[in-house]
Novice: 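Just dropping this structure here.
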Amino acid sequence: MFSTDRIGILTAGGDCPGLNAVIHGAVRSAAQHGMEVVGFNNGFEGLLDLESVHLLTPMDTLDLVSKGGTVLKTTNRGHFGVTHGMDQRVELSSDLLYQVQANLETLGVRGLICVGGDGSLAIAERLFTFGIPTVGVPKTIDNDVSATAFSFGFDSAVHCATDALDRLHTTAESHGRVICLEVMGRYAGWIALHAGIAGEADAILIPEFPWKVEHLIKTLNDRIRARGFGLVVVAEGVGAPLEGDDACEFQPRLSGAAREVSKQIAPHLDCEIREVVLGHLQRGGSPTAFDRTLATQYGAHAVKLILEGHVGHMVCYQPPHMQAVQLSEATHVSRVTPDCSIVKAARAMGVCFGDGITAAATPFASCAGDETAACVPQLAR
Ligand code: F6P
């Protein structure tokens, strides 16, 4: 019944707009090469459940490119939870690895595409070092996988956060208030940074830059005097993990960054303040055209890597090219650094990072020598 020359695909970790577009790209391009694709449900958990494995045909991918979420479902819990804080890993048992290997052999899978963030890519690498032929596709709305300039889902999340800021702009302006918007970004503040610039925030607080309450208060009171209201974007990583959180032993939940910031500055502001937590709205819904295109390319390129025998690699986008890096090189977290051109541009716009550094201290003109001249995330480790 089964062919012995197949590609497998799974989506793991948190969901994100564009996962279905990767599946669409992989299934359609595999079909062009006469290969069958099988889908595993619920991330890596599906590798243990042969009953739920199903064939994916090009007909199954009709209308998939624009659909949010993942038809293969996903989870960041279960037997394969490996992330425990940034860049810390726990081991997978050899019993588990042998079982996965046997199941893939039974299905005739010659290459397994693992779509996920840094934790899931670390699992893909662990499977590969055990001898299981995996290829990684970077997925995270946080855009914090170092080896790729962009992971799909990021643009959609920035779009959602910018839309929220545009809406908050008019209500803050009408009431003469400060509104503080909390966006996702566990270890890296890329969403806050990009949306903050696109949505004309007065201040952007990110986990990478320590902030002081007095700098934020001064900026906001100046803005209230000048334009009558203020907008602050806070990345969730600025807050502390939820106390007593036992929802997941591998990755504590974050929440409350906007509340905390607001509590600290409210008594010193010349107006009222409100907080909004955008949360999982950023992960839901239809991907932007950019993310659809990027994710489709990732799916097609992942198939190409398997056909050419380059397993153990992750596809990555270094504009204008799709490339590949070894999975072992792929899972470092990319974070915002003070010398990023986009940070300098924000300071040049008068945006406050709460660190007391002004545009005069980091002249925008010095961006001329940046390797990455455009405002794209830097590939910092
Ligand atoms: O890693 C992506 C991310 O969106 C983080 O920004 C956030 O902390 C986390 O996922 C939330 O995950 P969950 O869906 O488990 O609440």
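Heavy atoms only: backbone and side chains are in, while hydrogens, waters and symmetry mates are out. Counting convention: from 1, in listed order, for ligands and their atoms alike.
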Novice: Select the closest option to atom 7 (C) of ligand 1 among Q282, E236, M184, judged by heavy-atom distance.
Specialist: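 Of the listed residues, E236 has the closest heavy atom.
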
Novice: Check this for me, if you would: do E214 and K218 make a salt bridge, where the nitrogen-to-carboxylate-oxygen distance has to be below 4.0 angstrom?
Specialist: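 A salt bridge is absent here (no side-chain N lies under 4.0 Å from a carboxylate O).
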
Novice: Does any N or O in the side chain of N42 come within less than 3.5 Å of the main-chain N or O of T75, such that one atom is a donor and the other an acceptor?
Specialist: no

Novice: Measure H280 to ligand 1 on non-hydrogen atoms and call it side chain, backbone, both or neither using the 4.0 Å cut-off.
Specialist: side chain

Novice: So which of K139, R283, R186, R77 gets nearest to atom 3 (C) of ligand 1, if we judge by its closest heavy atom?
Specialist: R283

Novice: In terms of the angle between their ring planes, are F209 and F353 parallel, tilted or perpendicular, with boundaries placed at 30° and 60°?
Specialist: perpendicular

Novice: Which atoms of ligand 1 are found less than 4.0 Å from any heavy atom of G185?
Specialist: 6 (O)

Novice: Under a heavy-atom criterion of less than 4.0 Å, does G117 contact ligand 1?
Specialist: no

Novice: Quick check: T140 and ligand 1, any N/O pair under 3.5 Å apart?
Specialist: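 No - when backbone and side-chain N and O of T140 are compared with those of ligand 1, no distance drops under 3.5 Å.
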
Novice: Answer whether the closest heavy-atom distance between the side chains of K73 and D15 falls below 4.5 Å.
Specialist: no

Novice: Check whether any side-chain heavy atom of V311 lies under 4.5 Å from a side-chain heavy atom of L305, and answer yes or no.
Specialist: no

Novice: Need the ligand 1 atom indices (1-based, order shown) with element for anything under 4.0 Å from a heavy-atom of N76.
Specialist: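 Once the distances to N76 are compared, the set is 15 (O).
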
Novice: Quick check: do L48 and F80 have side-chain heavy atoms less than 4.5 Å from each other?
Specialist: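 They are in contact (side-chain heavy atoms under 4.5 Å apart), so the answer is yes.
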
Novice: Does even one non-hydrogen atom of L254 get within less than 4.0 Å of ligand 1?
Specialist: no

